[in-house]
Amino acid sequence: MTSTPDRAIERYNAKDAEPRWQQAWDAARLFETQNEDPRPKYYVLEMFPYPSGRIHVGHVRNYAMGDVVARYKRARGFNVLHPMGWDAFGLPAENAAMERKVNPREWTYANIATMKKQLQSMGLSLDWSREIATCDPDYYRHQQRLFLDFLEKGLVTRRTAKVNWDPVDHTVLANEQVIDGRGWRSGALVEQRELTQWFFRISDFAEDLLSALDGLDRWPEKVRVMQKNWIGRSEGLEVRFSLSSAPAGAAEAVTVFTTRPDTLFGARFLAIAADHPLAATLAADRPDLQTFIEECRRLGTAQAAIDTAEKLGFDTGLTVRHPLDPSWTLPVYIANFVLMEYGTGAVFGCPAHDQRDLDFANKYGLGNTPVVCPEGQDPATFTITDTAYDGDGRMINSAFLDGMTTDAAFSAVATRLEAEGVAETKIQFRLRDWGVSRQRYWGCPIPIIHCDACGPVPVPVADLPVKLPDAVSFDIPGNPLERDHAWRNVPCPKCGAAARRETDTMDTFVDSSWYYARFTAPWLQDAPTDRGAVDHWLAVDQYIGGVEHAILHLLYSRFFMRAMRETGWSGVSEPFAGLFTQGMVVHETYKDAAGAWVPPAEIRLDNEGGTRRAFHVGTGAEIAIGPIEKMSKSKKNVVDPDDIIASYGADTARWFVLSDSPPERDVIWTEEGVQGAARFVQRIWRLVNLAAHTDGQTQGADAPLRKAAHKALAAVEEDVERLRFNRCVAHVYTLVNALDEALRAGSTRKVAAEAAGILVQLIAPMMPHLAEECWTALGRDGLVADAPWPAVERALLVEDEITLPVQINGKKRADVTVPSGADKAAVEAAVLADEAVQRALEGRSPKKVIVVPGRIVNLVV
RNA sequence: GCGGACGUGGCGGAACCGGUAGACGCACGAGACUUAAAAUCUUGCGGCCGCAAGGCCGUGCGGGUUCGAGUCCCGCCGUCCGCACCA
């Protein structure tokens with residue numbers, strides 16, 4: 001049987017091979033993309049990393065996936081753009097500066113150098129000639145230009161807004177950085193401060209950002225739903241309730257937004273937010289009211305997450321007239337559940353049909369009037385006690401609306417109030433404008449100069465970039481830009497008088513909102529983008545990253561493309577045509593007897609008899625195996641990609657992260673799994689070498705092998721296109737098993753080497769170094785990374801004969817083999833002639849025969 | 001509370017439009033080779049009954065549609081994720 005000569009095949013040495021092939025690709029400049037290349041374009045992009053210091057396995061997974069797509073598409077004849085850069089501004093650099101007295105810029109660039117080396121050791125097919133770092137003045141000068149252009153187009157505004165202010169660190173905190181009302185670093189009680197801030201007017205695009213989601217059919221449904229909810233469109237009516245007697249200095253009326261004008265006759269009260277201007281006016285000379293407002297604010301920030309928050313109200317003593325019946329007045333409350341940020345900061349309370357209003361009304365004895373009667377309920381007896389009814393029905397107790405449906409009542413009220421000039425139909429969005437001002441040093445300076453005479457004046461384009469000063473100190477809390485007088489004090493570009501630079505920098509989400517566009521022509525000196533390049537490459541064909549960016553980054557980028565379209569920097573509106581959100585890499589946790597976390601590197605696992613036990617490599621003490629969790633420094637359940645690559649090689653690491661789980665789900669990093677991947681690398685190496693030198697003569701073994709190779713090829717094609725890498729891996733295993741079997745059976749060298757060649761091309765996108773080494777072993781010319789994808793021989797995919805399962809009353813009783821082209825009658829005849837079928841029929845004759853061609857036969861008796 | 005996803009062997013998972021449930025891998029058992037170990041190879045591996053042939057049960061639970069349901073419908077249970085006083 002085994003006619004393969006006993007050749008000593010050396011083990012594949014990844015440590016030696018991987019750098020060698022990386023150099024070969026570099027030397028051939030294989031991944032440097034030309035914009036002018038006539039082949040069809042394909043833009044693959046993974047979310048660029050923050051240079052935190054070292055890459056983690058999550059990066060390995062993310063970039064391995066992108067690399068499979070990039071290498072595959074390149075083999076399929078596309079001009080692939082696959083760039084990489086650094087999301088390099090951000091708070092950690094400033095924290096490092098404070099803790100370790102290092103310059104943020106030096107810290108960042110040192111991290112970039114380290115991480116670039118790590119990424120290069122992965123063998124990714126990246127075009128490093130297009131590398132960008134957002135902290136580079138060559139990048140952020142263009143961002144400043146975009147800011148100025150947006151400003152000119154009215155897409156940027158400046159206004160006051162409330163921010164979370166950390167009085168110890170002297171900085172604004174994002175909501176996520178406020179924990180239980182305290183700053184996440186300082187632990188100080190966070191204050192709400194009014195600050196003048198720059199805003200991008202993303203809400204101007206709310207309607208378009210929402211409706212265009214429907215066209216993003218290559219985005220996960222989940223992400224589209226999240227964005228839809230985030231934008232939060234609701235249709236309703238803005239209604240003015242005039243005050244019976246307006247206090248001095250207050251408006252004559254309170255405007256309310258409602259999505260249920262049909263229930264207006266069920267109104268019992270009006271409630272305004274604690275931050276409503278009317279509340280402030282009233283509080284001016286009323287300390288009790290001031291106290292209440294303070295209380296509301298504290299509750300708002302300190303216990304944002306409370307779901308049982310009690311409804312609190314303060315009766316102002318004011319009343320408003322009902323817009324549909326001026327003789328009817330309603331009391332005005334200040335209520336803690338009304339948000340100034342949404343709608344008009346005022347609501348009318350309809351207790352019968354809104355649970356929140358009902359809770360409030362019941363607490364303050366305001367009663368309720370049901371005005372919508374559910375279908376099948378008797379209006380005469382329909383009452384509400386402690387559960388509001390928010391469904392549809394017939395109008396009752398509602399004067400001219402009685403008997404209408406809720407929809408009809410909505411329209412009737414809207415028509416009437418609009419005619420009277422006391423209301424307008426309004427579409428309200430939850431989406432708010434994007435505040436981009438940050439009181440921090442390590443970010444893109446906002447290119448504005450404040451002049452006492454001229455106000456905020458844009459820095460002239462010719463003066464860009466506004467560069468960050470290098471010599472800064474973080475000895476004193478707060479933004480060093482404010483203390484840097486040499487940097488800060490400049491003449492007004494308009495009038496020449498003494499003026500001051502804006503010391504706020506931009507939110508780092510701005511940096512990542514357009515980097516993918518910059519990649520299309522990163523060499524441009526005097527413009528952010530080149531229209532030809534940007535319109536050619538965008539949208540990104542496949543964008544890959546974590547779900548944690550489902551809303552902010554992806555929504556901001558969609559806004560940015562629209563704003564760049566308005567300012568002429570892009571002809572495209574949607575940045576990402578295809579989006580894929582990959583799962584995390586998770587790992588078991590380990591705890592020693594003292595309860596301290598133990599890192600996986602210090603663990604030896606034992607699986608004797610199927611019982612998993614862990615021991616400490618140093619002490620030998622048994623370690624408790626804990627739950628599988630997201631890798632985190634605090635639980636020490638992290639593995640370092642450098643260690644993995646050093647001991648197993650990049651291909652093994654890449655293969656493992658692609659193999660074990662569907663890419664959108666979490667993958668559990670296990671030592672056993674990595675070892676399995678490492679063994680497979682050797683197995684491929686061994687089989688490919690055997691195939692290259694076999695002197696098998698059994699031609700009967702050839703046909704099944706060719707069939708297996710082309711089946712695997714077709715299957716991998718389909719699954720790479722759909723990013724189902726775990727299935728690709730399974731197809732490769734199947735082909736390897738077939739090759740192994742064929743070699744044992746004596747397959748000829750010609751066919752074995754041809755099948756091995758296909759195998760090598762299949763693994764090339766996933767394990768590129770091993771693939772090159774195998775390609776050479778097979779005596780093939782050039783680089784497999786540059787070889788065109790093999791063509792599937794479709795004829796090999798069709799079977800001559802097919803084995804159909806035969807069911808009797810839905811239970812499988814036999815298998816019958818028929819020619820694959822057999823028609824239903826022939827199949828039926830063959831089935832009924834089958835011995836096992838006849839035995840199972842026990843003399844009965846089928847009442848019905850269902851033949852599903854190529855699938856199954858079911859006999860009903 | 002609202003919205004979404006998911007639930008299949010010891011484990012990760014596969015199963016396309018309703019058509020052989022458990023592909024492929026990991027782990028584990030038995031055996032071969034070896035002084036030994038590693039590596040490699042052979043072989044078994046959902047449960048129950050059986051020497052076997054074979055049979056019965058089985059995709060979170062309960063019902064339904066269908067010749068046929070992991071897949072579709074209704075109702076539960078559980079897990080995860082997102083949003084959350086949104087008027």
Side-chain angles (χ1 to χ4, degrees), chain A residues 11 220-230 232-234 236 256-260 263 271 273 299-300 304-311 335-339 341-350 354-357 359-360 428-430 547-548 550-551 605 607-612 628 656 659-662 664-668 670-677 679-680 682-683 686 718 722 724 726-737 740 744 803-815 839 846-861:
Chain A
R11 287 176 66 80
E221 179 63 18
K222 178 168 115 176
V223 175
R224 286 190 289 173
V225 168
M226 279 163 75
Q227 291 215 351
K228 191 173 170 232
N229 294 339
W230 188 262
R233 181 183 195 274
S234 42
V256 154
F257 175 71
T258 177
T259 55
R260 294 295 302 272
T263 64
L299 220 73
I306 41 165
D307 44 2
T308 51
E310 207 188 340
K311 308 274 175 286
N336 65 342
F337 65 86
V338 182
L339 309 172
E341 297 80 35
Y342 186 76
T344 60
V347 299
F348 83 81
C350 177
D354 183 294
Q355 191 58 47
R356 212 184 28 197
D357 295 347
D359 293 345
F360 189 83
Q428 184 69 47
F429 291 95
R430 206 191 79 108
V547 241
E548 65 273 20
I551 298 173
L605 289 167
N607 215 350
E608 192 67 32
T611 313
R612 270 178 82 79
I628 295 162
F656 175 71
S659 67
D660 242 35
S661 289
E664 68 278 9
R665 260 187 252 177
D666 291 350
V667 63
I668 306 167
T670 62
E671 193 57 28
E672 295 93 330
V674 179
Q675 281 167 5
R679 276 199 301 272
F680 188 61
Q682 297 299 338
R683 187 170 176 219
R686 198 168 41 83
E718 194 189 325
R722 295 161 77 170
R724 300 197 292 199
N726 58 320
R727 286 172 43 126
C728 294
V729 164
H731 301 314
V732 168
Y733 272 110
T734 305
L735 174 55
V736 165
N737 290 341
D740 197 346
R744 286 160 200 280
T803 300
L804 295 177
V806 180
Q807 296 183 334
I808 292 172
N809 289 340
K811 287 191 188 282
K812 192 194 161 196
R813 290 292 182 240
D815 284 309
R839 210 182 321 127
K847 284 185 216 135
K848 196 171 167 190
V849 179
I850 295 143
V851 178
V852 184
R855 284 274 177 204
I856 202 165
V857 179
N858 195 6
L859 307 179
V860 186
V861 294

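So that the names make sense, note that chain A is the first sequence line, chain B the second, and so on, each numbered from 1. Please read these numbers as outputs of a predicted model, since none were measured by experiment.
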query: Using a cut-off of less than 4.0 Å, is there contact between a side-chain N or O of A/Arg665 and OP1 or OP2 of B/G12?
result: no
task: Report the nucleotide, chosen from B/U42, B/G3, B/C26, that has the shortest atom-to-atom distance to any side-chain atom of A/Glu672.
output: B/C26
statement: Considering only heavy side-chain atoms of A/Asp815, the closest of B/A14, B/A23, B/U20 is B/U20
query: At under 4.0 Å between heavy atoms, what does A/Val667 touch on the DNA or RNA strands: base, sugar-phosphate, or nothing?
result: nothing
task: Check the pair A/Arg430, A/Glu341 against salt bridge (Lys or Arg N to Asp or Glu O under 4.0 Å), reporting the backbone distance first and the verdict last.
output: CA-CA 9 Å; A/Arg430 206 191 79 108; A/Glu341 297 80 35; over 6 Å; no
task: Grab the CD1-C1' distance between A/Ile551 and B/G4 for me, whole Å please.
output: 12 Å
- prompt: Rounding to the closest angstrom, what is the interatomic distance between B/C85 and B/C17 at atom P?
  reply: 39 Å
B/G1 - base-pair partner by Watson-Crick or wobble geometry, distances under 3.5 Å: B/C83
message: Regarding B/C67, can its base be found pairing with the side chain of A/Lys847 as donor and acceptor, where the two atoms are less than 3.5 Å apart?
response: no
Contact nearer the 5' end of RNA chain B, comparing A/Val852 with A/Trp230: A/Val852
message: With a 4.0 Å cutoff (strictly under), does any side-chain N or O of A/Arg744 reach OP1 or OP2 of B/U42?
response: yes
message: Any base atoms under 4.0 Å from A/Arg722, or only sugar-phosphate, or nothing? Heavy atoms, all strands.
response: nothing
field: A/Asn809 CG to B/C56 P, straight-line distance once rounded to whole Å
entry: 12 Å
message: If I take atom CD in residue A/Gln807 and atom P in nucleotide B/C67, what distance separates them, rounded to the nearest angstrom?
response: 13 Å
- line: Tightest non-hydrogen contact, residues A/Leu804 and A/Arg855, listed as CD2-N, 3.6 Å
- request: Determine the contact category for A/Ser659: base if any of its heavy atoms lies under 4.0 Å from a base atom, sugar-phosphate if only primed atoms, P, OP1 or OP2 are that close, otherwise nothing.
  value: nothing
query: Which residue lies toward the 5' end of RNA chain B, A/Ile850 or A/Lys812, if each is placed at its nearest nucleotide?
result: A/Lys812
message: Going by purine N1 to pyrimidine N3 plus the second Watson-Crick contact, or the G-U wobble pair, all under 3.5 Å, which nucleotide sits opposite B/C56?
response: B/G47
- prompt: Given atom CG of A/Leu859 and atom C1' of B/G19, what is their separation to the nearest angstrom?
  reply: 14 Å
- request: Can you tell me, in whole Å, how much space there is between the P of B/C26 and that of B/G44?
  value: 16 Å
field: Value in whole Å for how far the C1' atom of B/A21 lies from CZ of A/Arg855
entry: 14 Å
P gap between B/U59 and B/A5, integer Å: 23 Å
- prompt: Less than 4.5 Å apart, any side-chain heavy atom of A/Lys311 and any of A/Arg356?
  reply: yes
task: Return the nearest nucleotide to the side chain of A/Val860; candidates are B/C85, B/C67, B/G19.
output: B/C67
Rounded distance (nearest 0.5 Å) linking atom CG of A/Leu859 with atom CZ of A/Arg813: 11.0 Å
- request: Scan every strand shown for a Watson-Crick or G-U wobble partner of B/C6, both distances under 3.5 Å, and answer none if you come up empty.
  value: B/G78
Selected nucleotide, minimal atom distance to A/Asp740 side chain, candidates B/A87, B/C41, B/A14: B/C41
message: Check this one for me: any side-chain N or O of A/Tyr342 less than 4.0 Å away from OP1 or OP2 of B/A87?
response: yes
task: Please state whether the rings of A/Tyr733 and A/Phe680 are parallel, tilted or perpendicular, taking 30° and 60° as the class boundaries.
output: tilted
message: OP1 or OP2 of B/G58 versus the side-chain N and O atoms of A/Lys811: is any pair under 4.0 Å?
response: no
message: Nearest to the A/Asn336 side chain among B/G55, B/A21, B/C85, which nucleotide is it?
response: B/C85
message: Can you identify which nucleotide, out of B/U42, B/G19, B/C28, has its nearest atom closest to the A/Asn607 side chain?
response: B/C28
message: Under 3.5 Å for both donor-acceptor distances, Watson-Crick or wobble: does B/A69 have a partner, and if so which one?
response: none
- request: For B/C17, decide between syn and anti, treating a glycosidic angle within 90° of 0 as syn.
  value: syn
task: Return the nearest nucleotide to the side chain of A/Leu339; candidates are B/G12, B/A87, B/C41.
output: B/A87
message: Quick check for you: to the nearest 0.5 Å, what is the distance between A/Asp660 atom CG and A/Thr670 atom OG1?
response: 6.0 Å
- prompt: To the nearest Å, how far apart are A/Arg839 CZ and B/G54 P?
  reply: 8 Å
- prompt: Between B/A30 and B/A21, how far is it from one C1' atom to the other, in whole Å?
  reply: 27 Å
- request: Please state how far atom CD1 in A/Ile856 lies from atom P in B/A69, giving the value in whole angstrom units.
  value: 10 Å
- request: Only one of A/Val857, A/Asp815, A/Asn858 passes side-chain contact (heavy atoms from CB on, under 4.5 Å) with A/Pro805; say which it is.
  value: A/Asp815
message: Roughly how many Å apart are B/G82 and B/G29, using the P atom of each and rounding to a whole number?
response: 40 Å
- prompt: Which value, in whole Å, describes the distance between the C1' atoms of nucleotides B/G46 and B/G22?
  reply: 8 Å
- request: Kindly say if A/Asn726 contacts the phosphate of B/G12, meaning a side-chain N or O under 4.0 Å from OP1 or OP2.
  value: no
query: Between B/C24, B/U40, B/A87, which nucleotide gets closest to the side-chain atoms of A/Arg679?
result: B/U40
Nucleotide of B/G55, B/C85, B/C24 approaching A/Thr734 most closely (side-chain heavy atoms): B/C24
- request: Nearest whole angstrom, please: distance from the P of B/A87 to the CZ of A/Arg356.
  value: 7 Å
field: For B/G25, the Watson-Crick or wobble counterpart (both distances under 3.5 Å)
entry: B/C11
query: Among B/A39, B/A27, B/C24, which nucleotide sits nearest the side chain of A/Arg11?
result: B/A39
Phosphate-side-chain proximity, A/Arg233 and B/C86, N/O vs OP1/OP2 below 4.0 Å: no
- prompt: From A/Ser661 OG over to A/Ile668 CD1, what is the distance, rounded to the nearest 0.5 angstrom?
  reply: 6.5 Å
message: Just by distance, no angles: are the side chains of A/Arg683 and A/Asn737 close enough, under 3.5 Å, to form a donor-acceptor pair?
response: yes
task: Looking at every strand, decide which applies to A/Asn737 at a 4.0 Å heavy-atom threshold: base, sugar-phosphate, or nothing.
output: sugar-phosphate
field: Pairwise P distance, B/A37 and B/G31 [rounded to whole Å]
entry: 13 Å
query: Distance between the P atoms of B/G60 and B/C6, in whole angstroms?
result: 13 Å
field: Glycosidic conformation of B/G9, taking syn as within 90° of 0 and anti otherwise
entry: syn
